[in-house]
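Structure, as structure tokens:
Below, read A as the first sequence line, B as the second, and so on, with proteins coming before strands; counting in each chain starts at 1. Note that the coordinates shown come from a computational prediction; the quantities given were computed from them, not determined experimentally.
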2 protein chains.
Amino acid sequence: MPQANSPTKGRKETRIQKKNRAAILDAALDVFSAHGFRGSTVDQIAKASGLSKPNLLYYYPSKEEMFTALMSNLMDTWLDPLREMQSDGDPMTEILSYVDRKLQMSREFPRESRLFANEIVQGAPRMLETLATELKDLVEEKALVIQGWMDAGQLNQSHPKHLMFSIWALTQHYADFDIQVRTLMGAEDPYDAAPHHLETIFRRLLQPS
Amino acid sequence: MPQANSPTKGRKETRIQKKNRAAILDAALDVFSAHGFRGSTVDQIAKASGLSKPNLLYYYPSKEEMFTALMSNLMDTWLDPLREMQSDGDPMTEILSYVDRKLQMSREFPRESRLFANEIVQGAPRMLETLATELKDLVEEKALVIQGWMDAGQLNQSHPKHLMFSIWALTQHYADFDIQVRTLMGAEDPYDAAPHHLETIFRRLLQPS
DNA sequence: CTTGAGTTTGACCAGTTGGTCAAATCCGTG
DNA sequence: CACGGATTTGACCAACTGGTCAAACTCAAG
């Protein structure tokens, strides 16, 4: 009984493998982001992807592996906006652009945002390693950049890491708490005013006085 | 077979009922906040409360009812800080005090914060009604108060609802994303700098220019 | 068209889970 | 201390869940 190679060690991916793996991960994103890892069943993902349960397990040998494959696939994309923040740009522009990109991601990829939120709220049992290495390295690097801007007087003094937390909190809130935001705003689209609101917050916070 | 009365319609609660119900809800808070509704088992709650599973179900007839009892018990406490915001106080003081109280709640009641976060991230399947009535009424009321302050020139113009979202996002982030925040901050206690950081953000945002 | 690797699935299994129930035990009150 | 309601639990059940497996089917290359 041949087994579909895992995407990492696989030599050549067939047309069918490519299509099915994509369908599975998209369905898994739907289901995991809506119910969390424990709250999701392989059957739900099977139904959502249009494949049978044993067929899912032919491509990914366990529910756990579906989840981790999904997570590591997404992690890079998720951190891209922060990576794009360049130390040689204009500080205020760099920060505000980062905020804007991050808000765009909440709007365009709310499932991804909720997937991470679910995982982290529950203590990140399957992601702690990544947080402590990949994310931490990136954060330390960018915190130094921001600190440099502040020391040079190009931005108001503030705590770089808390600044980053604030950017994440404010932007991701619109994706993670979408149902609450929309319930409270009624017909008005949250994203009409959010970009201007967030820009104002960070411009006022960081504008040197 | 007598059945313990539900707390709402129960005439007199015995000493034992009082103690056990409290133990159950505290254990349920531990478990539900850490794993979400679907990810928690009645057995886990039983173990955490020191009671047997059938005994739990003697006090609360289903897992669902444990959850909703817990939720409605907590909802009032959770909204208290916002209720305390008085229209006849000094606007800046009222807002900053609200931010401070909300941050304190994240510090003192992280389980409660994560319980709500879990529920809302997953679309609030068991709480949408409460959001749409109790919370919405309160938010509409306070949005008017804030709008009044802004129209009177006592605060900078801003979007009152987005302002409230920002307060929630920034304060609850420290409880809901605790594991991430602590992983990235290392030995430094997040709550050392958070109060000052948040005060600065909102003071700069709202200070009339 | 053959062929063999790649793909798909129905049937199945063992462990878990929410919930039930009758019997046993506890406990405040008359 | 006797009694009846309150409390507790071991044993049990049906549904669900993650995962297995052998057999059947598909498909591209020769």
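- Comment: Glu140(B) engages Lys161(B) in a salt bridge, judged by a side-chain N to carboxylate O separation of less than 4.0 angstrom.
- For the OP1/OP2 pair of dT7(C) and a distance below 4.0 Å, the side-chain nitrogens and oxygens of Thr14(A) include at least one atom meeting the criterion.
- Each of dG18(C), dA6(D), dG18(D) was ranked by its minimum atom distance to the side chain of Lys63(A); first place goes to dG18(D).
- Between His159(A) and His162(A), the ring planes lie perpendicular to each other; the angle is over 60°, past the 30° to 60° tilted range.
- One can place OH of Tyr60(A) at 18 Å from C1' of dG18(D), the figure rounded to the nearest angstrom.
- Pairing each heavy atom of Ile24(A) with each of Ser49(A), the nearest pair is CA-CB, 4.2 Å.
- Between Arg83(A) and Asp76(A) there is a salt bridge, since a side-chain N of the basic residue sits under 4.0 Å from a carboxylate O of the acidic one.
- Checking dA28(D), dT17(D), dG6(C) against the side-chain heavy atoms of Arg15(A) singles out dA28(D) as nearest.
- Each of dT17(C), dG6(C), dT17(D) was ranked by its minimum atom distance to the side chain of Tyr58(A); first place goes to dG6(C).
- Between Phe37(A) and Phe32(A), the ring planes are parallel. Angles under 30° get that label, and only those over 60° would be called perpendicular.
- Both Ser40(B) and Lys19(A) sit near DNA chain C, but only Lys19(A) has its closest nucleotide nearer the 5' end.
- Distance Asp43(B) CG to dG19(C) P: 12 Å, rounded to the nearest Å.
- Between Arg111(A) and Asp26(A) there is a salt bridge, since a side-chain N of the basic residue sits under 4.0 Å from a carboxylate O of the acidic one.
- When distances are taken from the side chain of Leu57(B) to each of dG19(D), dT7(D), dG19(C), the shortest belongs to dG19(C).
- At a non-hydrogen distance threshold of 4.0 Å, Ser52(A), Pro54(A), Asn55(A) from residues 44-55 of chain A come into contact with DNA chain C.
- Between the C1' atom of dT26(D) and the CD1 atom of Ile16(A) lies a distance of 7 Å, rounded to the nearest Å.
- Distances shown here put every side-chain N or O of Arg38(B) at or beyond 4.0 Å from the OP1 or OP2 atom of dG18(C).
- In this structure, the OH atom of Tyr59(A) is 11 Å from the P atom of dG6(C), given to the nearest Å.
- The side chain of Gln17(A) has dT7(C) as its nearest neighbour among dT17(C), dT7(C), dC27(C).
- Taking atom NE2 on His35(A) and atom P on dC16(D), their separation rounds to 16 Å, with Å as the unit.
- Tyr174(B) does not carry Arg107(B) over the face of its six-membered ring by the limits of under 6.0 Å from the centre and within 45° of the normal.
- For dG6(C), neither phosphate oxygen OP1 nor OP2 lies less than 4.0 angstrom from any side-chain nitrogen or oxygen of Asn20(A).
- One interatomic measurement links the two molecules: CD1 of Ile24(A) to C1' of dG18(D), which rounds to 15 Å at whole-angstrom precision.
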